[in-house]
Asks: 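One structure is given below, represented as structure tokens, and several questions about it will come after.
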Amino acid sequence: MTRPRKLFVKSYGCQMNVYDSRRMADTLAPEGFAETDRIEDADLVILNTCHIREKAAEKVYSELGRIRQLKADAASGGRKVTVAVAGCVAQAEGAEILRRAPAVDLVFGPQSYHRLPELLAKADRDGRAIDTDFPVEDKFDFLKQPTKQAVRARGVSAFVTVQEGCDKFCTFCVVPYTRGAEVSRPVEKIVAEATHLAEAGVREITLIGQNVNAFHGEGSDGASWTLAQLLYRIAEVPGVARLRYTTSHPCDVGDDLIAVHRDLPQLMPQLHLPVQSGSDRILAAMNRRHTRDDYLRVIDRLRTAQPAMVFTSDFIVGFPGETEDDFRQTMQLVADVEFNGSYSFKYSPRPGTPAADMDGQVPDAVMSERLQELQALIEQQLAAFNAASVGRTFDVLFEKAGRHPGQIVGRSPYLQPVHVTGASELIGKVARVDITDVTAYSLHGLLNGTGRAEPDHTRFLATAEA
Ligand code: SAM
Ligand code: SF4
């Protein structure tokens, strides 16, 4: 009997890549590949790459240097290791990867995952293979669903891609070039995937897309549906207790999406809404298509609809031409909105994007200082938010056993880890918790919370005696 071949997938970058990596593993499972988390044991290594900043691509090349040695060691023991590079670096660099990294056998872009079995056969046959096309067929029609066992192993929260690509063309960003134009999946296929996940025990679904709120997939009535319509539909799937969506563009937050935050208790009162800068001058140079006031108006409307809303965001510091005054405006915006989390980065020029050729590139030392200051303020706001959680009551979705005997850990609606003493049967269920204490980034509390939770999850609550 042949042993199952082992697959090691490493994901770089965003949630879209984490999701894609899982779907690659699902597609290779029927081909006899079992996942391993030890790269040394792997027969097939896939690096699912990110091209958003320069460092991300360089990290991939240095990892490929290490893998070359690993491959040579395996070969001297008579074992063949196949090395593949997927994702946005693969899409952007294509054949350059084969030239720079001799260990690589296969290069394929984000739209070719479903062709993996045939691409591997081609690499085996021809020595090396490359596929960075944008094919006409929809890869989601060909990707395999995970088994229920695989879903369970991944936990009670899952991502579902509903949209890919971007038509916005921010002047700093490679996504419209590497991921292509906006494409939305049909509603019924998304519902089928969500149903499969919920039947296997998933309780929280995060709908993901590069520009998720530009979703415009075909609905069951043949019409184009908005993200708001999709959210109402997914909320009807039995077992789905929590919904989130990411990443959104501020220009695509319509009235109907705001109304979902008011009306749908399953939709968590936390939103990641990238703003990048608080300066109108920089926002215009970035081609973000909105002003600082436009952004603040969206925040206000969301808070009016759902007073419990809390926001996180993406920021770029040191965009070409950013002055100290522009940066101060960003800091003021961070304070005004009270963001309590961020993905924040120093600007990184990406070849082929308009900003890479703009005047006024900001020195690295200035960018580092600004980034540190911005992140320190957001950390401070997070600490204040966590401290203010003591005395509140949250519905907590329990995810796993804690480090201490008898302890279980879950997440609040705001994604804060919450530790309680409780039965492991509560894992995968929502229970009400009175928050009593906060340490570092974690909350601690008591089950059978008696306070009023917001939003109210009563219909999903498990009894804490379980
Ligand atoms: N679509 C989302 C939006 O509208 O902002 C963001 C998706 S983008 C893949 C993720 C984040 O990477 C961006 O929000 C931005 O902050 C960061 N990013 C993109 N290009 C960058 C660059 N050239 N330098 C630094 N950060 C960058
Ligand atoms: Fe990139 Fe987001 Fe701008 Fe699209 S909207 S170009 S993904 S930053």
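Whatever order the structure lists them in is the order used to number ligands and atoms, beginning at 1.
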Asks: Parallel, tilted or perpendicular: which describes the rings of F339 and Y295, with under 30° parallel and over 60° perpendicular?
Replies: tilted
Asks: Checking side-chain hydrogen bond (donor to acceptor under 3.5 Å, both in side chains) for the pair Q375/S344: CA distance, chi angles, key distance, verdict?
Replies: CA-CA 7 Å; Q375 291 181 337; S344 36; 2.9 Å; yes
Asks: To check your reading of the model: name the closest protein heavy atom to atom 7 (C) of ligand 1, its residue, and the distance in Å.
Replies: Q210 O, 4.4 Å
Asks: Answer yes if the ring centres of Y245 and F215 are under 6.0 angstrom apart, and no otherwise.
Replies: no
Asks: For ligand 1, which atoms sit closer than 4.0 Å to a heavy atom of H249?
Replies: 4 (O)
Asks: Taking the six-membered ring of F108, is the NZ or CZ of R115 close enough (under 6.0 Å from the centre) and on axis enough (within 45°)?
Replies: no
Asks: Decide yes or no for V160 and R185: does some side-chain heavy atom of the first lie under 4.5 Å from some side-chain heavy atom of the second?
Replies: yes
Asks: I need the R292 CZ to S279 OG distance, nearest 0.5 Å.
Replies: 8.5 Å
Asks: Verify the distance criterion only: is there a donor paired with an acceptor across the side chains of N386 and S389 at less than 3.5 Å?
Replies: no
Asks: Quick one, D256 with Q229, criterion side-chain hydrogen bond (donor to acceptor under 3.5 Å, both in side chains). Give me CA distance, side-chain angles, the key distance, then yes/no.
Replies: CA-CA 8 Å; D256 60 346; Q229 289 171 289; over 6 Å; no
Asks: Is it the case that T206 and Q15 place a side-chain donor and acceptor less than 3.5 Å from each other?
Replies: no
Asks: Could you name the option among V175, D314, T246 that has the heavy atom nearest to atom 11 (C) of ligand 1?
Replies: D314
Asks: Out of T353, I316, T247, V317, who is nearest to atom 26 (N) of ligand 1 when you count heavy atoms only?
Replies: I316
Asks: Out of R288, M367, K168, whose heavy atom is nearest to atom 3 (C) of ligand 1?
Replies: R288
Asks: Looking at ligand 2, is there an atom of it that comes within less than 4.0 Å of some heavy atom belonging to R288?
Replies: yes
Asks: Of the backbone atoms (N, CA, C, O) and the side-chain heavy atoms from C-beta on, which set of P274 has a member under 4.0 Å from an atom of ligand 1: side chain, backbone, both, or neither?
Replies: side chain
Asks: With 2.8 Å as the limit, jot down which protein N, O or S atoms are around atom 4 (Fe) of ligand 2.
Replies: C166 SG
Asks: Tell me which protein heavy atom sits closest to atom 12 (O) of ligand 1, plus the residue, atom name and distance to 0.1 Å.
Replies: I52 CG1, 3.7 Å
Asks: Using a strict cut-off of 4.0 Å, indicate which atoms of ligand 2 neighbour a heavy atom of F172.
Replies: 8 (S)
Asks: Using a 4.0 Å heavy-atom cut-off, which part of F172 comes near ligand 1: side chain, backbone, both, or neither?
Replies: both
Asks: Run through R68, R128, K71 and flag the one making a salt bridge (charged side-chain N to carboxylate O under 4.0 Å, His left out) with D105.
Replies: K71
Asks: Would you check, one step at a time, whether the test side-chain hydrogen bond (donor to acceptor under 3.5 Å, both in side chains) holds for Y441 with E379?
Replies: CA-CA 10 Å; Y441 295 101; E379 280 289 298; 2.4 Å; yes
Asks: Measure the NE2-OH distance between H51 and Y177 for me, rounded to the nearest 0.5 Å.
Replies: 12.5 Å
Asks: Looking only at protein heavy atoms, identify the closest one to atom 15 (C) of ligand 1 and say how far it is in Å.
Replies: Q276 OE1, 3.5 Å
Asks: Determine, for Y61 and R100, whether the Lys NZ or Arg CZ falls below 6.0 Å from the six-membered ring centre while staying within 45 degrees of the axis.
Replies: yes
Asks: Side chain, backbone, both or neither: which part of N211 has a heavy atom under 4.0 Å from ligand 1?
Replies: neither
Asks: Which protein heavy atom lies closest to atom 25 (C) of ligand 1, and at what distance to 0.1 Å?
Replies: K346 O, 3.4 Å
Asks: For atom 24 (N) of ligand 1, grab the closest protein heavy atom and report residue, atom and distance to one decimal in Å.
Replies: S348 N, 3.0 Å
